[in-house]
Asks: 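Dropping a structure here in structure tokens format, bear with me for questions.
A quick note: this is a predicted structure, and the numbers were derived from the prediction, not measured. As a basis for the values below, the full set of heavy atoms in this structure was taken, side chains included, without hydrogen atoms, waters or symmetry mates.
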Amino acid sequence: MSTASTPGVVRDAIDDDPVKTGPSGGPRTHATGHRTGYLLYVAGKLGGAAVSLFAVLVTSFFLFRIIPGDPVKAMTHGKPTSLEQMATLRKQFGLDLPMWQQFTEYCAKALTGDLGISYQFHAPVGELIAEKVPATLLLTGVAVLIYSTLGLWLGTRSAWRHGGLGDRVNTGVALTLWSVPSFWLGLLMIIVFSVGIGPIPGMFPSGGMESGNETGFAYVLDVAHHMVLPVVTLVAVGYAQTLLVMRSSLLDEMGSDYLTTARAKGLRDDLVRRRHAVPNAMLPTVTMIFINLGHVAAGSILVETVFSWPGLGGLFYQALSVPDLPVVQGLFVVFAGAMILMNLLADLLYPLLDPRVGR
């Protein structure tokens, strides 16, 4: 019976032959070879992340310059402005420079953390982003924690008892929620639980983060009250994806020989699931969880906009309507950079979950 698919068996096989002959003919331990292989693996992932970040800088600069509209005209809309004043504003914001010069200056400043000055708010973009980060981290951080835990638990139970009533119900609900647009679900939440419909009274605020007149513990409860509807909206969509990915990964593992071997040794079914099947099914789910953690920085633009949540998503929508190019570009870099970082961390974590990765 073949059991080579499990990390534990691979590790045992390696330990049986601790010494190999290196290229020069001298002895070389497996540990040294594995360490070198892991370092090369890490270097490759770091290089890929750097290339991705540069691609983000290029994309963020050129992508938003094809948006229709003149930022200077938008800033002076409704105000009597002469052509000389318009030219002065363009010079002030560097819009009169050739495109290649704007791009080189943008990249040089971005690499030093200078994301420019907002056309709309006349403030450093970095300060605007830092001001909005706590609200976004609070909202999406709580949502990601809840729906990752819920999705992993329900996905594991559905796969382990696949074909049963619980599996069919969980899968059907998850597929339905996964296909629902988050902004539409948010609007539905407002109509039902904020405005009220039929016998259901309006119980939660329709938007904002606070009422503005609470302090101390009452302020904490007030913020939590405002978070209920946007968090439920994010959890409803997010848990469905986690459940389906975890269920699919675990189903792929359930026919493996090493699980049959574990059962033949007399291990209880729950131990076989927790100690053997679930850890080996975690790689795709770990990738998705880290991607979701990257979304914590980005927040959910549509959900934050629907619920008027004062976070990065609302700031992005507001800047895009002008268009406020420095803010839009800065947020795009922050969002994409968070995703690149989380993917990099997931890649570096893989060899710890499965020793076969990175060799």
Asks: Tell me the closest heavy-atom pair linking Pro134 and Glu131, and the distance in Å.
Replies: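 So the minimum-distance heavy-atom pair works out to CD-O, 3.6 Å.
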
Asks: Mind checking whether Ile146 and Val220 sit in one hydrophobic cluster, side chains of I, L, V, M, F, W, Y counted as touching below 4.5 Å?
Replies: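 The answer is no; the residues belong to distinct hydrophobic clusters.
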
Asks: Pair Phe121, Glu127 - check side-chain contact (heavy atoms from CB on, under 4.5 Å), show working.
Replies: CA-CA 11 Å; Phe121 301 102; Glu127 293 182 5; over 6 Å; no

Asks: Minimum heavy-atom separation for Gly186 to Val306, with atom names?
Replies: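 Answer, listing the atom of Gly186 first, then Val306: C-CG1, 4.0 Å.
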
Asks: State plainly whether one hydrophobic cluster holds both Ile191 and Val180, where clusters connect Ile, Leu, Val, Met, Phe, Trp and Tyr through side-chain heavy atoms under 4.5 angstrom apart.
Replies: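 Result: no, two separate clusters.
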
Asks: Is it true that a side-chain atom of Thr136 and a backbone atom of Gly311 form a donor plus acceptor pair closer than 3.5 Å?
Replies: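 Checking the backbone N and O of Gly311 against the side chain of Thr136, no donor-acceptor pair under 3.5 Å is found.
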
Asks: Could you go step by step and tell me if Leu312 and Phe316 meet the side-chain contact (heavy atoms from CB on, under 4.5 Å) rule?
Replies: CA-CA 6 Å; Leu312 295 178; Phe316 186 84; over 6 Å; no

Asks: Ser248 side chain to Leu244 main-chain N or O, any donor-acceptor pair under 3.5 Å?
Replies: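 It does not hold such a pair.
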
Asks: Please name all residues satisfying side-chain hydrogen bond (donor to acceptor under 3.5 Å, both in side chains) with Ser158, sequence neighbours left out, ordered by chain then number.
Replies: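 Per chain and number, Ser158 pairs via side-chain hydrogen bond (donor to acceptor under 3.5 Å, both in side chains) with Asn170.
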
Asks: Please name the pair of heavy atoms, one in Ile117 and one in His122, separated by the smallest distance, quoted to 0.1 Å.
Replies: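 Answer, listing the atom of Ile117 first, then His122: CG2-C, 4.1 Å.
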
Asks: Which heavy atom of Ile190 sits nearest a heavy atom of Ser206, and at what distance?
Replies: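 Closest approach of Ile190 to Ser206, heavy atoms only: CD1-O, 3.7 Å.
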
Asks: How about Leu128 and Leu115: do any of their side-chain heavy atoms sit closer than 4.5 Å?
Replies: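 Side chain of Leu128 against side chain of Leu115, heavy atoms only: no contact under 4.5 Å found.
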
Asks: Go through the structure and list residues passing ring-ring contact (aromatic ring centres under 6.0 Å, His included) with His225, not counting sequence neighbours.
Replies: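 His225 satisfies ring-ring contact (aromatic ring centres under 6.0 Å, His included) with Phe204 once adjacent residues are dropped.
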
Asks: Would Leu229 and Met203 show up in the same hydrophobic cluster when neighbours are defined by side-chain heavy atoms closer than 4.5 Å?
Replies: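 Yes, same cluster.
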
Asks: What's the spacing between Leu243 CG and Arg157 CZ if we round to 0.5 Å?
Replies: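 CZ of Arg157 is found 11.5 Å from CG of Leu243.
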
Asks: Hey, quick one: are Met209 and Phe217 part of the same hydrophobic cluster, counting side-chain heavy atoms closer than 4.5 Å, chains of contacts allowed?
Replies: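 In one cluster with Met209: Phe217, no.
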
Asks: With Phe103, which residues qualify under ring-ring contact (aromatic ring centres under 6.0 Å, His included), at least two apart?
Replies: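 Phe61, Phe62.
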
Asks: Which distance, rounded to the nearest 0.5 Å, do you find between the CH2 of Trp309 and the OG1 of Thr140?
Replies: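 Those atoms lie 10.0 Å apart.
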
Asks: So, taking the atom named CG in Leu177 and the one named CG in Leu185, what distance separates them when rounded to the nearest 0.5 Å?
Replies: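 One gets 7.0 Å once the value is rounded to the nearest 0.5 Å.
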
Asks: First locate atom NZ of Lys132, then atom CG of Leu315, and finally report the distance between them rounded to the nearest 0.5 Å.
Replies: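 Rounded to the nearest 0.5 Å, the NZ-CG separation comes to 6.5 Å.
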
Asks: Is there a path of hydrophobic side-chain contacts, each under 4.5 Å between heavy atoms, that joins Val235 and Leu145?
Replies: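 Different clusters.
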
Asks: Would you name the heavy atoms of Pro310 and Gly208 that are closest together and state the gap between them?
Replies: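 Minimum heavy-atom contact is CD-C, 4.5 Å.
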
Asks: Supply the atom-to-atom distance Thr242 OG1 to Tyr147 OH, rounded to the nearest 0.5 angstrom.
Replies: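 Spacing of OG1 (Thr242) from OH (Tyr147) equals 6.0 Å.
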
Asks: Go through the structure and list residues passing side-chain hydrogen bond (donor to acceptor under 3.5 Å, both in side chains) with Tyr219, not counting sequence neighbours.
Replies: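 Once residues adjacent in sequence are excluded, the partners of Tyr219 under the side-chain hydrogen bond (donor to acceptor under 3.5 Å, both in side chains) criterion are Glu210.
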
Asks: Could you check Val228 against Phe193 for side-chain contact (heavy atoms from CB on, under 4.5 Å), going step by step and ending with a plain yes or no?
Replies: CA-CA 10 Å; Val228 171; Phe193 297 107; over 6 Å; no

Asks: Applying side-chain contact (heavy atoms from CB on, under 4.5 Å), run through Met246 and Thr156 and close with a yes or a no.
Replies: CA-CA 6 Å; Met246 186 62 195; Thr156 301; 3.7 Å; yes

Asks: Listing request: all salt bridge (Lys or Arg N to Asp or Glu O under 4.0 Å) pairs with a residue in residues 158-167, at least two apart in sequence or in separate chains.
Replies: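 Residue pairs passing salt bridge (Lys or Arg N to Asp or Glu O under 4.0 Å), neighbours aside: Asp167-Arg247.
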
Asks: Got Val223 and Leu138 here, is their nearest side-chain heavy-atom distance under 4.5 Å?
Replies: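 SC-SC contact between Val223 and Leu138 confirmed.
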
Asks: Rounded to the nearest 0.5 Å, how far apart are CD of Glu304 and CD1 of Ile301?
Replies: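 These two atoms lie 8.0 Å from each other.
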
Asks: Check residues 335-346 and write down every donor-acceptor pair under 3.5 Å in which the side-chain atom is one partner and the other belongs to a residue at least two apart or another chain.
Replies:
residue: Asn343; atom: ND2; partner: Met339; partner atom: O; Å: 3.0

Asks: So which heavy atom on Thr176 is nearest to which on Ser179, and how close?
Replies: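 So the minimum-distance heavy-atom pair works out to O-OG, 2.8 Å.
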
